[in-house]
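Let me begin by presenting the structure, written as structure tokens, before commenting on it.
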Amino acid sequence: MRKILFNDKYSLTQEVLAGNKTMTRRSFARFEPDARMFDEIYNIEGGFDDKGRWIFTLYNENGDIIGDLIPHYKVGDIVAIAQSYKTIYAEMEDKDAAEQFKKEYENTAGWNNKMFVKADLLPHHIRITDIKIERLQDISEEDALREGIEEFCFDYFLPNDYSKPFLMPRDAFAFLIDKVGKKGDWDKNPLVAAYTFELVD
């Protein structure tokens, strides 16, 4: 079982658990060959390779293969949603089980930091239902809403933050991505894997 982290400062984990966020854009696990120029890409085709990995093969305008993009996840993967052990403890309804859980994990790094939790202990999961490759700025208005951007009174807002209105969902997403990713990512406009997912539990 693998895990996936969503940003808590901007309530993205909560948006996933509420079913409001059903897409996420991520960098790639690996790009082969590393030094290939993205400007040469003319076509992209996805499929399984002979090792059972889901990859996207990149072609130039002559139909020559110029490299492969290997995403972190593939269609059908069940992925655990990372939460701190303290958060998991607070959600537990069985008091005896909760106290036993607290006793076992309270003094571990994962109690307050979800980067250090074990995937098999996480109670909530998503299933990857689709993957597409696109440049970050190619996100549609509809997909920006699937990323958790909220609509209210014809304006658009970051999740659970109504202090700054935006005219369009993409505008709000562009602002958000520079807050939760690396600063300047939107302007750099990298190729990303756009995962669509559904909440399992």
Which heavy atom in [X] sits nearest to a heavy atom in [Y], and how many Å separate them?
X    : Y    : answer
A144 : F173 : CB-CB, 4.1 Å
P71  : A193 : CB-CB, 4.5 Å
A172 : L158 : O-CD2, 3.5 Å
A82  : L122 : CA-CD1, 3.7 Å
V75  : T129 : CG1-O, 3.8 Å
E141 : P169 : OE1-CD, 3.0 Å

How many angstroms lie between [atom1] in [X] and [atom2] in [Y], if you round to the nearest 0.5 Å?
X    : Y    : atom1 : atom2 : value
N107 : K103 : CG    : NZ    : 11.5 Å
T24  : E15  : OG1   : CD    : 13.0 Å
E99  : E106 : CD    : CD    : 9.0 Å
L191 : R135 : CG    : CZ    : 4.5 Å
N189 : D138 : CG    : CG    : 6.5 Å
S27  : D185 : OG    : CG    : 9.0 Å

Minimum side-chain heavy-atom gap [X]-[Y] below 4.5 Å:
X    : Y    : result
I177 : L136 : yes
I131 : F56  : yes
T13  : N7   : no
Y195 : D130 : no
K74  : D77  : yes
L199 : I81  : yes
F197 : R127 : no
K102 : K86  : no

Taking side-chain contact (heavy atoms from CB on, under 4.5 Å) as the test, write out the residues that go with T87, two or more places apart. Q83, S84, E91

Linking I/L/V/M/F/W/Y whenever any side-chain heavy atoms sit under 4.5 Å apart, do [X] and [Y] land together?
X    : Y   : answer
W186 : M23 : no
V200 : L17 : no
I133 : I41 : yes
I126 : L5  : no
L12  : I88 : no

Checking side-chain polar atoms at under 3.5 Å, does H124 have a donor or acceptor matched by the opposite partner on D201? no

Sequence neighbours excluded - salt bridge (Lys or Arg N to Asp or Glu O under 4.0 Å) pairs with any residue from residues 143-155: K21-E147, R25-D143, R25-E147, K132-D143, D143-R146

Just grab all the salt bridge (Lys or Arg N to Asp or Glu O under 4.0 Å) pairs involving residues 3-12, residues at least two apart or on different chains.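 Pairs touching residues 3-12 that pass the test: D8-K114.
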
R26 charged N/C atom sitting above F6 aromatic ring, 6.0 Å / 45°: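 Here R26 passes the 6.0 Å and 45° test against F6.
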
With D161 via salt bridge (charged side-chain N to carboxylate O under 4.0 Å, His left out) - residues at least two apart: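 If we apply the salt bridge (charged side-chain N to carboxylate O under 4.0 Å, His left out) test to D161, skipping adjacent residues, there are no hits.
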
Output all residues satisfying salt bridge (charged side-chain N to carboxylate O under 4.0 Å, His left out) with K118, sequence neighbours left out; order by chain, then residue number. none

Not counting sequence neighbours, which residues clear ring-ring contact (aromatic ring centres under 6.0 Å, His included) with [X]? List them please.
X    : result
Y85  : F101, Y105
W111 : Y89
Y10  : none

Residue pairs passing the ring-ring contact (aromatic ring centres under 6.0 Å, His included) test where at least one lies in residues 137-162, sequence neighbours excluded: F152-Y162, F157-Y162

Mind jotting down which residue pairs meet the ring-ring contact (aromatic ring centres under 6.0 Å, His included) criterion with at least one end in residues 132-151? Sequence neighbours excluded, please.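 Those involving residues 132-151 do not exist here.
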
What residues, two or more places apart in sequence or in another chain, satisfy side chain to side chain donor-acceptor pair (under 3.5 Å) together with T196?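 Residues passing side chain to side chain donor-acceptor pair (under 3.5 Å) with T196: none at all.
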
Would you list the pairs meeting side-chain hydrogen bond (donor to acceptor under 3.5 Å, both in side chains) in which at least one residue belongs to residues 168-181, sequence neighbours left out? none

Quick check against the 3.5 Å criterion: does N62 have a side-chain atom that pairs as donor or acceptor with the backbone of D64?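 No; zero donor-acceptor contacts below 3.5 Å.
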
Show the numbers, then the answer: is there a side chain to side chain contact (heavy atoms under 4.5 Å, CB included) between I44 and Y59? CA-CA 6 Å; I44 303 174; Y59 298 87; over 6 Å; no

